[in-house]
Amino acid sequence: MDRSSLFQLIQEQLDPDNTGFIAVENFTSLVEHHELQLDPSKLDMLLALVQSNEEGQVCYQELIELMSSKRSSSFRRAIANGRRTLQREILLDETGLGLYKRFVRYVAYEILPCETDRRWYFHQNRLCPPPVFIAIVTIVQIIVFMCYGIMLNKWVLQTYQPDFMKSPLVYHPGHRAQVWRFFSYMFMHVGLEQLGFNALLQLMIGVPLEMVHGILRISLLYMAGVLAGSLTVSITDMRAPVVGGSGGVYALCSAHLANVVMNWAGMRCPYKLLRMILALVCMSSEVGRAVWLRFSPPLPSSGPQPSFMAHLSGAVVGISMGLLILRSYEESLQKQCSWWVIIFSFITFLLFAIFWNIFAYELLGVQIPPPP
């Protein structure tokens, strides 16, 4: 029996009057004897949903959404109703796991704050689609850096080379009419130290986040941080160029760190306080290095060095948009009012930045360094 046939059977036999509710006794019998193959945790949740219901009925729409793995608030209600049943087994007690499943369990404990969420993710996780977005971005960044390193014969402070700033990927205020530069600057880096820091963070944090929350949500968060970074620089540091993927990296990191802090008691990742302190120290040091290079360049240069404002705006995107995404595991973002408030705010900022870039430079008489 396929899933659609089961849904039709449920509606025709157990809810013929289309009331939207099913009697618990009838539903229990159907679940225990049906032929549909379900993930163990999903079957546990269905039984827990029935057994803990005090009204003697099950909501048909909630059942359909749960069995279809749709992201909705009914997921939270279902696991909340079945919490006593589902927590009898702890995911760490699972034995005989292969290497990949042990890694999935590790990711579950690194990212998710609730045991029921971790069990759900562990049992429904599939290799398809793989977490390819962060991996592809990192590979492209490394390839671009290697190409310019070989061409310039320079691996640190590449921005002091005129040929580096001539790249069509760098954001430069003199080339802001070339819209792709507001995104493509994320593939260029000041030097090996910035590339190493960004690549390490986005692989260590971004890949697990993408495994849990999916490619669409994490790529949206990363690219929103990148776009916010270049737009913020164009408003607050109008003479400066921008390079590096720090806007996207800080969006991911700040979202994850904020989620860990807000769910401190539920997070089971080892040494979380030490790792939190280490991450904050590293991120602050990177911002400090960027500020130093911007205002006190160690070498003579022909123009302003890349701005540090992309780091800060990426962190703001992570704490706002990113935190909501990470707190909405298996829930629909479109049904949350706060999601639309954040989207409206981001679009408002985007429109303001567009008008600023069109009119403000001329009105304020900003002396832009000649583009290379």
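What you see below is based on every heavy atom in this structure, not just the backbone, and it leaves out hydrogens, waters and symmetry mates.
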For M151, I'd like to know if atom CE has over 12 heavy atoms of other residues, nucleotides or ligands within 6.0 Å.
yes

Query raised in the report: Is the backbone N or O of Q334 less than 3.5 Å from a side-chain atom of W340, with the two atoms forming a donor-acceptor pair by type?
Result: yes

If we only count heavy atoms from C-beta on, is the Q194 to T159 side-chain gap below 4.5 Å? no

ask   = Considering only heavy atoms from C-beta outward, does the side chain of R239 approach that of P369 to under 4.5 Å?
value = yes

Looking only at heavy atoms, the pair that brings M262 and L323 closest together is SD-CD2, 3.3 Å

With a 4.5 Å heavy-atom cut-off, do L333 and R217 have their side chains touching?
yes

Say whether L97 and V107 are linked into one hydrophobic cluster, either directly or through other cluster members, by side-chain heavy-atom distances under 4.5 angstrom. yes

CG of N198 to CD of Q141, rounded to nearest 0.5 Å, is 7.0 Å

Closest non-hydrogen contact found for A240 with S307 is CB-CB, 3.8 Å

Here the gap from I319 atom CD1 to C253 atom SG, rounded to the nearest 0.5 Å, amounts to 11.5 Å

Do the side chains of L220 and V207 join up, straight or via other hydrophobic residues, at under 4.5 Å, putting them in one cluster?
-> yes

Quiz prompt | Donor-acceptor under 3.5 Å (K101 side chain, F122 main chain) | solution = yes

Requested in this report: Determine yes or no for a side-chain-to-main-chain donor-acceptor pair under 3.5 angstrom, with H175 supplying the side chain and H172 the backbone.
Outcome: no

Mark yes or no for whether Y250, through its side chain, and G225, through its backbone, hold a donor-acceptor pair below 3.5 Å. no

The reported gap from CD1 in I342 to OG in S338 (rounded to nearest 0.5 angstrom) is 5.5 Å

Quick one: are R294 and D237 in side-chain contact, heavy atoms under 4.5 Å? yes

Is there a side chain to side chain contact (heavy atoms under 4.5 Å, CB included) between L312 and M309? Walk through the geometry before answering. CA-CA 5 Å; L312 305 182; M309 290 302 298; 4.0 Å; yes

Between A310 and Y185, the two heavy atoms sitting closest are CB-OH, 4.4 Å

Exercise. Side chains of Y148 and S167: donor-acceptor distance under 3.5 Å anywhere?
Worked result: yes

Near Y100 OH, under 6.0 Å, is it more than 12 heavy atoms from other residues, nucleotides or ligands? yes

query: Shared ILVMFWY cluster between L195 and L203, side chains joined below 4.5 angstrom?
result: no

Do F145 and W155 come close enough that some side-chain heavy atom pair is under 4.5 Å? yes

inquiry  = Less than 4.5 Å apart, side chain to side chain, heavy atoms only: is that true for Q305 and Y160?
reply    = yes

(request) Go through the steps for Y121 and V104 under the test side chain to side chain contact (heavy atoms under 4.5 Å, CB included), then give the verdict. (result) CA-CA 8 Å; Y121 167 73; V104 170; 3.6 Å; yes

ask   = Is the number of heavy atoms from other residues, nucleotides or ligands under 6.0 Å of Y271 OH greater than 12?
value = no

- Can you tell if the side chain of L157 reaches within under 4.5 Å of the side chain of L293, non-hydrogen atoms only? yes

Heavy atoms of F133 and E210 approach each other most closely as N-OE2, 2.9 Å

The reported gap from CG in N259 to CD1 in I325 (rounded to nearest 0.5 angstrom) is 11.5 Å

Give a yes or no answer on whether the side chain of W264 reaches the backbone of K272 with a donor-acceptor pair at less than 3.5 Å. no

### Query
Do Y222 and Q202 meet the criterion of a side-chain donor-acceptor pair at a distance under 3.5 Å?
yes

Where the side chain of R118 meets the backbone of Y109, is there a donor-acceptor pair that is under 3.5 Å apart?
no

In terms of heavy-atom contacts, S254 and G314 come closest through OG-O, 4.0 Å

Apply side chain to side chain contact (heavy atoms under 4.5 Å, CB included) to residues I111 and M211 and explain how you reach the verdict.
CA-CA 10 Å; I111 303 301; M211 290 179 63; over 6 Å; no

With sequence neighbours left out, the residues meeting side-chain hydrogen bond (donor to acceptor under 3.5 Å, both in side chains) with H256 are none

- Is it true that W180 and M223 fall in one hydrophobic cluster, defined by side-chain heavy atoms closer than 4.5 Å? no

Tell me whether V249 shares a hydrophobic cluster with L192, the cluster being built from Ile, Leu, Val, Met, Phe, Trp, Tyr side chains joined at under 4.5 Å.
no

Worksheet item: Where do L252 and I134 land on the side chain to side chain contact (heavy atoms under 4.5 Å, CB included) test, with the steps shown first?
Response: CA-CA 11 Å; L252 296 179; I134 295 297; 3.9 Å; yes

The complete set of side-chain hydrogen bond (donor to acceptor under 3.5 Å, both in side chains) pairs with one or both residues in residues 353-372, sequence neighbours excluded, reads S234-N357

Output for pair (Y329 OH, L112 CG), nearest 0.5 Å, gives 6.0 Å

Tightest non-hydrogen contact, residues L324 and Q336, listed as CD1-OE1, 3.5 Å

dist L169:CG -> M186:CE (nearest 0.5 Å) comes out at 10.0 Å

**OP:** Report, as yes or no, whether the 6.0 Å neighbourhood of atom CE on M276 holds more than 12 heavy atoms from other residues, nucleotides or ligands.
**Re:** yes

For the residue pair V243 and F164, establish whether any side-chain heavy-atom pair is separated by less than 4.5 Å.
yes

